[in-house]
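Okay, structure first, notes after.
Below, chain A is the first sequence line, B the second, and so on; all start at residue 1. Just so it is clear, the values below take in all heavy atoms, side chains as well, and ignore hydrogens, waters and symmetry mates.
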Amino acid sequence: MNDEPEVIRRSADELLAGLNEQQTEAVKYYGPALLIAAGAGSGKTRVLTRRIAYIMGVGGVWPSQILAITFTNKAAAEMKQRLETLIGPVAQRMWVSTFHSACVRILRRDGDRIGLKSGFSIYDTADQQRLVKIICTEMNIDVKRYTPRSILARISDYKNNLQDWRTQLKEYAPQFKPGQRNLKMGSFGNVEELYACVYAEYQYRLATANAVDFDDLIMRTVELLHDHPDVAAYYHHRFRYILVDEYQDTNHAQYVLVRELAGVDDKLTPEPGAVGAGKNGPAWITVVGDSDQSIYAFRGADIRNIQEFEKDFPNAKTIMLEQNYRSTQTILDAANKVISLNPGRKPKKLWTALGQGDKIIGYAADNAQQEASWIATEIARLAGEEGFSYADIAIMYRANAQSRSLEEAMINAGIPYQLVGGTRFYERREVKDAMAYLQALANPDDDVNLRRILNVPKRGLGARAEAVLTDYAGTHQTSAWEALTHLDAIEGVPTRTAKLLGQFRDLMIGLREFATNNDAKPSEIVAEVLDKSGLLAELQQSTDPQDQTRVENLSQLQSTAAEFEQNTPDATLNGFLETTALVADSDQLPDEGEDTGKVTLMTLHTAKGLEYPVVFLTGMEQGTFPHSRSIDNESELEEERRLAYVGITRARQILYVTRAAVRSQWGQAAEMMPSQFLDDIPADLIDWKRKETSTEKMRGGWGDFDDDDEFSGFEDFGGSSYGSKSYGSGSGWGSGSSYGSGSSYGSGSYGSKSYGSSRGSRSYGSDYGSKSYGSKSYGSGSSGSGRNGKVTTKRMKKQLLDSLTSAKKKASATGSASAAESSSAGGNGLNVADFHEGDRISHDQYGLGKVVGVQDKGRNSVITVDFGSEGVKRLLLRVAPIEKL
DNA sequence: CTGCAAATCCTTTTT
DNA sequence: GGATTTGCAG
């Protein structure tokens, strides 16, 4: 125990310094269950970290007895960092982690009790979909009617609500036995039966593949704790204080998990005279959240968890934090008004001492491009004249698809930016392929990943070869890998296929041996896989320009692995796989206080928890925000409104709201009406730089719609009345009482940053060598600040813009005009009879060509055209974008 | 079995 | 506008 790191125990005075009354009360509160209802910008992370330090410093509790849960790795890392300044380096080894990593950790330790072998795989969405698709095909399910996506959504619902597949099966399909394979069901009595069967089969396959999905991480941990009291007892004994951040985003499963971990339902009683939670009673719980910022209902979050906290936990206490330290009063007034229109919420009103501040600035553009370029101009002005740094500015939007026009405008204006989110680095095809190899090496039974790489890179093993393995696996109730190892025993395999399968098997055996011998060196395993599998070679030999970026991504993957190795004391292949499986968008955001010199672009969801001096809320249109899919659903609209509230409250000093009259979605232009949220903001708070768009001016009317102020009576509900309940008797924290147990902290260092942070982020601008892995940095090395020197030449801009359009095909040269006229509803009116060998035609993509062949097949007539350097193409006449010359 | 071009979905939001 | 699936030819 001598190497126990030093723990700083701070005094109450130190820990309460600079806090307001409510914050102080929250830090000190002595009791089994505390809800801190923390409005936006009310300093909740501060309160949470101080409370942890207080529990330790004043309550004499060991760091190992505390469990703090967040939703993102980024939040966890930040909390650790802040804790470190309060209590010392021991903070880095505390259980401060996300729900998901905490569960992984628990399952790695005791998962064998519920049938999980160590080294289990964690399936991401893509893996899940592959698996469900396989099952649907085998079950003869019409995937047009029941898409894997929708089936998975249902399965996710089951899991978030802890509905076991056995229960579902018993109720809706008692005759179904998972794992029988020969099930050509085809028809189901009803939908529930179908869902139940797929769910059961899905779980069966996961089990044989020794894999879990995201939702399983929570549900199966609950199962473990619930069914194995000795395991539960271990954690009850260990965690005496549990703190949960963003409690409004918890789903039912997570709620139950917290209860299980705390032992709330286990009739535990504290020893007589216990101080705090004592040694034996249920753990004491602190949750922090804001029901107005609940924006994850679509993912199963249940807002009732926070709304009914006081009912759920005996002797619960609620403390409201309503003083905002972030924004101006103008911004808060707007936010308060918007959120006040949600019915049935606990009234709450943020206030600030920071003063009125500037008006909100509004701008109505004619289209998305104009909106974006106006924003770019405005940003240049802010940076040039108002002295803001680019890093002070964030642009937010409802859906990722909106980022493109904004990116283009930034590039055109030479403004450095960083885009957060979009397609995940680990979801990129080539990266996923490489990871599938690693996964299959770590866990041989992982069918989904093994089948994925069977023919990647191309090695002549197609559907037939795969069927050889799956048939054997099916009849022998085993995995595809097992089938592969019994290859010689399988009859009727064509010699050629057998040979190729044998080669693949030997490849995997060789790689696995390498992996076992180099378990602590994931980066070398990655290198070996890339090399021996031929994955890298295939891409390097390719002429497709996109494959070059793929090669870069793969080398980046290797760097990420190397970085993981360096930062993790006891690195293993499994550890690496785990970390990469649990990364989130927000993980790639820069650290607090780090000046990246770049404007940040991200979705509103990703922006939750962040703050910027200047915020642009873009796409404020009906159908964009609120999103069209939520517009006719009352509860979803309420969630959109909360999202608007989140967006508005991100701004510290200046808030912009912008909209476009025309926005194209799926390549089709659509006219957009102003968002209802714009009307919800009191008109005198907005200074419109341009209120009407061109077409609206011509029509001479705006705001014909909805002027209904019928809800305005809601506004004054009074922000008082809460938090006035008298609270617990004095302090009660005995001093110094010491508990023995807490010596060993878990070893694996989770949540440490940087690796994991990889996302397919694009970023363009100044700093090259910065440590942002997984994010490409375009642009010159020099700092591209607005005025000192245009570092971006026209040519570079062109390159950057091209790189946005993921280097599609070879279309670039000719594809200038037309595309619009190519297909006039179901045919281009061309007639086979008009085409003969030797005719010259023009193709939108390939340019000029000469007809070298004509096949008259009626509707499906085909002409063969020689496009010279572009090659000889066979075109379906009916749809080909061509013109006879 | 592979490669290519056309057709067909799309999109909320994410651990 | 873009990624993925389908359909066909060699």
Side-chain angles (χ1 to χ4, degrees), chain A residues 69-76 97-104 122 124-126 129 133 143-144 147 149 156 160 213-215 217-218 246 249-251 253-254 295-301 396-402 404-405 421 423-424 427-429 455 458-466 496-497 500 546 581-587 602-608 619 623-631 636 639-640 642-643 646 664-669 759 804-806 808-809 811 819 822-823 826 843 845-846 855 857 860 862 864 871-876 878-881:
Chain A
I69 298 177
T70 62
F71 269 84
T72 66
N73 299 307
K74 163 105 178 137
S97 70
T98 64
F99 269 107
H100 295 270
S101 352
C103 286
V104 169
I122 300 169
D124 69 9
T125 322
Q129 295 210 16
K133 207 175 287 177
V143 287
K144 285 269 145 49
T147 63
R149 225 178 103 82
S156 181
N160 288 336
D213 63 24
F214 281 131
D215 299 318
L217 288 175
I218 313 288
E246 305 282 19
D249 289 334
T250 51
N251 60 37
Q254 289 161 333
I295 54 174
Y296 285 109
F298 71 91
R299 204 170 72 193
M396 302 174 190
Y397 36 83
R398 177 63 234 272
N400 278 308
Q402 287 166 250
R404 176 160 250 100
S405 52
T423 27
R424 279 198 171 89
E427 280 169 8
R428 283 162 192 248
R429 201 195 64 205
N455 199 28
K458 301 255 180 303
R459 48 170 78 88
L461 293 172
R464 288 299 273 285
E466 192 177 338
R496 186 184 142 76
T497 310
L500 292 169
Q546 248 194 303
L582 300 176
V583 291
D585 276 337
S586 53
D587 294 336
M602 70 194 135
T603 65
L604 286 158
H605 281 87
T606 306
K608 194 174 70 152
T624 306
F625 185 33
H627 193 272
S628 53
R629 305 229 345 203
S630 321
I631 236 157
E636 285 180 32
E639 179 144 317
E640 296 286 306
R642 289 192 290 269
L643 195 53
V646 167
S664 48
Q665 0 195 66
W666 321 298
Q668 284 243 308
R759 243 276 193 185
L804 285 184
T805 332
S806 54
K808 254 288 165 193
K809 312 256 162 177
S822 63
S823 60
H843 188 281
Q845 242 178 51
Y846 306 119
Q855 284 168 274
K857 295 192 204 163
N860 293 325
V862 170
T864 312
V872 179
K873 309 287 178 194
R874 293 176 42 85
L875 309 167
L876 190 57
R878 170 163 53 93
V879 290

[X] [atom1] - [N] [atom2] separation (whole Å):
X	N	atom1	atom2	answer
His627(A)	dT13(B)	NE2	C1'	8 Å
Gln402(A)	dG1(C)	CD	P	17 Å
Ile218(A)	dT15(B)	CD1	P	13 Å
Tyr397(A)	dT11(B)	OH	P	17 Å
Gln665(A)	dC10(B)	CD	P	14 Å
Phe625(A)	dT11(B)	CZ	C1'	16 Å
Gln668(A)	dG2(C)	CD	P	15 Å
Glu640(A)	dT13(B)	CD	C1'	8 Å

If you check the [X] side chain, which of [options] turns out closest?
X	options	answer
Thr603(A)	dT13(B), dT11(B), dT5(C)	dT13(B)
His605(A)	dT13(B), dT15(B), dC1(B)	dT13(B)
Lys458(A)	dC1(B), dT13(B), dG3(B)	dG3(B)
Arg404(A)	dG2(C), dT15(B), dC1(B)	dG2(C)

* Locate the shortest heavy-atom distance separating Asp249(A) from Phe71(A); write the atom from each residue and the value. =>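 Scanning both residues, the minimum pair turns out to be O-CZ, 3.3 Å.
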
* Closest approach of Leu643(A) and Leu604(A), non-hydrogen atoms and distance? ->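 Result for this residue pair: CD1-CB, 3.7 Å.
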
Side-chain N or O of [X] closer than 4.0 Å to phosphate OP1/OP2 of [N]:
X	N	value
Asn400(A)	dT13(B)	yes
Asn160(A)	dT15(B)	no
Arg429(A)	dA3(C)	no

* To do: Apply side-chain contact (heavy atoms from CB on, under 4.5 Å) to Ala401(A) and list each qualifying residue two or more places apart in sequence or on a separate chain.
  =>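 Not a single residue meets the side-chain contact (heavy atoms from CB on, under 4.5 Å) criterion with Ala401(A).
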
Applying a 4.0 Å non-hydrogen cut-off, can you work out what [X] is touching in the nucleic acid: base, sugar-phosphate, or nothing?
X	answer
Arg496(A)	nothing
Tyr296(A)	sugar-phosphate
Asn455(A)	sugar-phosphate
Phe71(A)	sugar-phosphate
Thr606(A)	sugar-phosphate
Asp215(A)	nothing
Glu466(A)	nothing
Lys133(A)	sugar-phosphate

* **5' priority, DNA chain B, between Glu636(A) and Phe214(A) [closest heavy atom]** =>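 This one resolves to Glu636(A).
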
* Asked: Taking for each residue the nucleotide of DNA chain B with the nearest heavy atom, is it Arg629(A) or Leu461(A) whose nucleotide lies nearer the 5' end?
  ->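 Going by which nucleotide is closer to the 5' end, it is Leu461(A).
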
Tell me whether [X] contacts the main-chain N or O of [Y] through its side chain, where contact means a donor paired with an acceptor under 3.5 Å.
X	Y	value
Glu639(A)	Ala297(A)	yes
His100(A)	Leu217(A)	no
Asn455(A)	Gly460(A)	yes

* **Centroid under 5.5 Å and tilt under 30°, Phe298(A) to dT13(B)** =>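 Aromatic stack with dT13(B) present for Phe298(A).
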
